[in-house]
Amino acid sequence: MAVLEIRDLHVTVDTDEGTLPILNGVNLTIRSGETHAIMGPNGSGKSTLASTIAGHPKYTVTGGTITLDGADVLAMTVDERARAGLFLAMQYPVEIPGVTVTNFLRTAKTAVDGEAPAIRTWAKEVKEGMANLRMDPRFAQRNVNEGFSGGEKKRHEILQLELLKPHFAILDETDSGLDVDALKIVSEGVNRAKESTGLGVLLITHYTRILRYIKPEFVHLIVKGKVVEEGGPELAERLEEEGYAAYLPADAPIEA
């Protein structure tokens with residue numbers, strides 16, 4: 001069983017106004033086969049947590065640890081983290097002009113596994129993966145995310161997840177911008193990956209609608225860079241009904 005462990009994590013980011021603390025002592029443990037949902041108001045540090053685990057250079061870790069089966073994740077480069085079994089599905093997937101989906105996927109698989117996949121087997125896996133996610137086969141020859149709709153970009157992220165077979169997936173608001181049908185298709189892809197590989201999932205979301213399809217065993221509420229409450233699915237339902245006002249100062253603005 002693989003274990004991703006975050007202990008007393010403190011993270012800052014440099015802005016025009018100076019260095020700002022974003023995470024203020026986050027503690028979290030995720031094991032293989034578990035699904036953890038992270039919820040919280042805008043600006044609470046959810047996406048910062050995801051980016052820090054993945055190794056985004058924008059964020060500076062000023063204290064605490066992240067370990068994967070005891071290995072120091074913070075000492076790893078971004079590509080080393082991917083090879084160790086960490087995967088980030090981005091909230092805003094970027095376009096990569098000049099790189100086709102086919103070349104991107106095979107290059108990523110080769111980099112993660114350390115050897116190129118057999119062409120015939122790989123082509124079959126890609127074709128089946130795209131069919132399961134209801135992606136037009138012609139997308140394989142298009143440049144990565146170029147001209148893709150929001151739903152198409154998110155389905156491509158989950159296609160990567162299914163093909164690369166990481167140990168842990170961090171899904172940063174994968175449900176944003178998805179209509180009901182696309183949300184169900186994407187969720188089914190995550191569930192397939194979990195069932196076939198024992199994937200551990202850290203699912204960041206504002207709303208419970210995706211949690212109707214991807215069932216979390218654990219729900220964590222982050223406010224001002226700290227986990228302030230933990231529970232099961234019932235916590236997510238309560239937050240959906242009551243919002244986050246009880247965890248914020250009385251004069252705090254309510255963001256749309």
Side-chain angles (χ1 to χ4, degrees), residues 2-15 19-23 26 28-32 36 38 45-117 143-146 148 153-174 176 189-190 193 197 199-204 222 225:
V3 180
L4 178 64
E5 191 166 19
I6 300 165
R7 284 288 166 265
D8 196 27
L9 186 65
H10 292 254
V11 174
T12 63
V13 64
D14 291 331
T15 71
T19 300
L20 297 178
I22 305 296
L23 299 182
V26 172
L28 194 64
T29 300
I30 309 170
R31 296 175 176 82
S32 297
H36 293 246
I38 299 283
K46 302 184 300 298
S47 290
T48 296
L49 175 61
S51 296
T52 301
I53 296 171
H56 197 300
K58 175 181 177 181
Y59 302 98
T60 301
V61 176
T62 58
T65 61
I66 304 175
T67 59
L68 177 57
D69 291 338
D72 184 3
V73 171
L74 298 177
M76 300 177 187
T77 60
V78 173
D79 59 304
E80 287 171 340
R81 298 182 197 204
R83 287 196 295 271
L86 297 177
F87 176 89
L88 172 64
M90 294 182 288
Q91 183 176 358
Y92 304 109
V94 297
E95 296 181 2
I96 310 179
V99 179
T100 66
V101 168
T102 294
N103 288 338
F104 174 81
L105 292 173
R106 194 161 192 267
T107 300
K109 184 66 171 178
T110 301
V112 167
D113 289 358
E115 60 180 4
N143 293 336
V144 174
N145 292 327
E146 206 170 44
F148 287 23
K153 289 179 180 180
K154 296 300 177 73
R155 277 183 275 179
H156 180 229
E157 293 281 288
I158 303 308
L159 177 63
Q160 296 170 49
L161 171 63
E162 292 200 71
L163 293 172
L164 298 179
K165 297 179 170 57
H167 299 307
F168 292 97
I170 300 98
L171 309 180
D172 188 8
E173 297 196 30
T174 296
S176 66
V190 175
T197 67
L199 178 72
V201 178
L202 181 62
L203 174 61
I204 295 169
I222 288 186

Ignoring hydrogens, what is the shortest heavy-atom contact between [X] and [Y]? Give both atom names and the distance.
| X | Y | result |
| --- | --- | --- |
| Ala50 | Ile204 | CB-CD1, 3.6 Å |
| Glu162 | Ala193 | CG-CB, 4.4 Å |
| Ala116 | Arg106 | CB-NH2, 3.8 Å |
| Phe148 | Asn143 | CE1-O, 3.7 Å |
| Ile22 | Gly45 | CG2-CA, 3.9 Å |

Which atom pairs, one a donor and one an acceptor, fall under 3.5 Å between side chains of residues 61-80 and the rest of the protein, sequence neighbours left out?
unit_1: Thr62; atom_1: OG1; unit_2: His10; atom_2: O; d: 3.4
unit_1: Asp69; atom_1: OD1; unit_2: Val3; atom_2: N; d: 2.8
unit_1: Asp72; atom_1: OD1; unit_2: Leu74; atom_2: N; d: 3.0
unit_1: Thr77; atom_1: OG1; unit_2: Asp79; atom_2: OD1; d: 2.6
unit_1: Thr77; atom_1: OG1; unit_2: Glu80; atom_2: N; d: 3.3
unit_1: Thr77; atom_1: OG1; unit_2: Glu80; atom_2: OE1; d: 3.3
unit_1: Asp79; atom_1: OD2; unit_2: Arg83; atom_2: NH1; d: 3.1
unit_1: Asp79; atom_1: OD2; unit_2: Arg83; atom_2: NH2; d: 3.1
unit_1: Glu80; atom_1: OE1; unit_2: Thr77; atom_2: N; d: 2.8

When you compare the side chain of [Y] with that of [X], does any pair of heavy atoms fall below 4.5 Å?
| X | Y | answer |
| --- | --- | --- |
| Leu49 | Leu9 | yes |
| Lys154 | Pro93 | yes |
| Ile96 | Glu146 | no |
| Leu202 | Ile53 | yes |
| Lys46 | Glu173 | yes |
| Lys109 | Leu164 | yes |
| Phe104 | Gln160 | yes |

Please round to the nearest 0.5 Å and tell me the distance separating atom [atom1] of [X] and atom [atom2] of [Y].
| X | Y | atom1 | atom2 | answer |
| --- | --- | --- | --- | --- |
| Leu23 | Thr60 | CG | OG1 | 11.5 Å |
| Ile222 | Ser47 | CD1 | OG | 10.0 Å |
| Ile6 | Thr52 | CD1 | OG1 | 9.0 Å |
| Phe168 | Arg31 | CZ | CZ | 9.5 Å |
| Leu4 | Ile170 | CG | CD1 | 6.5 Å |
| Leu171 | Ile38 | CG | CD1 | 11.5 Å |

(request) Apply the test side chain to side chain contact (heavy atoms under 4.5 Å, CB included) to residues Asn145 and His156: give CA-CA distance (whole Å), side-chain angles for both, the deciding distance (0.1 Å), then the verdict. (result) CA-CA 8 Å; Asn145 292 327; His156 180 229; 3.6 Å; yes

(request) Mark yes or no for whether Lys58, through its side chain, and Thr48, through its backbone, hold a donor-acceptor pair below 3.5 Å. (result)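 It does not hold such a pair.
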
(request) Please confirm whether the backbone N or O of Thr197 pairs with a side-chain atom of Lys165, one donor and one acceptor, at under 3.5 Å? (result)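 Checking the backbone N and O of Thr197 against the side chain of Lys165, no donor-acceptor pair under 3.5 Å is found.
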
(message) Tell me which one of Glu157, Met90, Gln91 satisfies side chain to side chain contact (heavy atoms under 4.5 Å, CB included) with Asp172.
(response)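 The single option meeting the side chain to side chain contact (heavy atoms under 4.5 Å, CB included) with Asp172 is Gln91.
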
(request) Among Leu199, Leu88, Leu86, find the residue that satisfies the side chain to side chain contact (heavy atoms under 4.5 Å, CB included) test when tested with Pro166. (result) Leu199

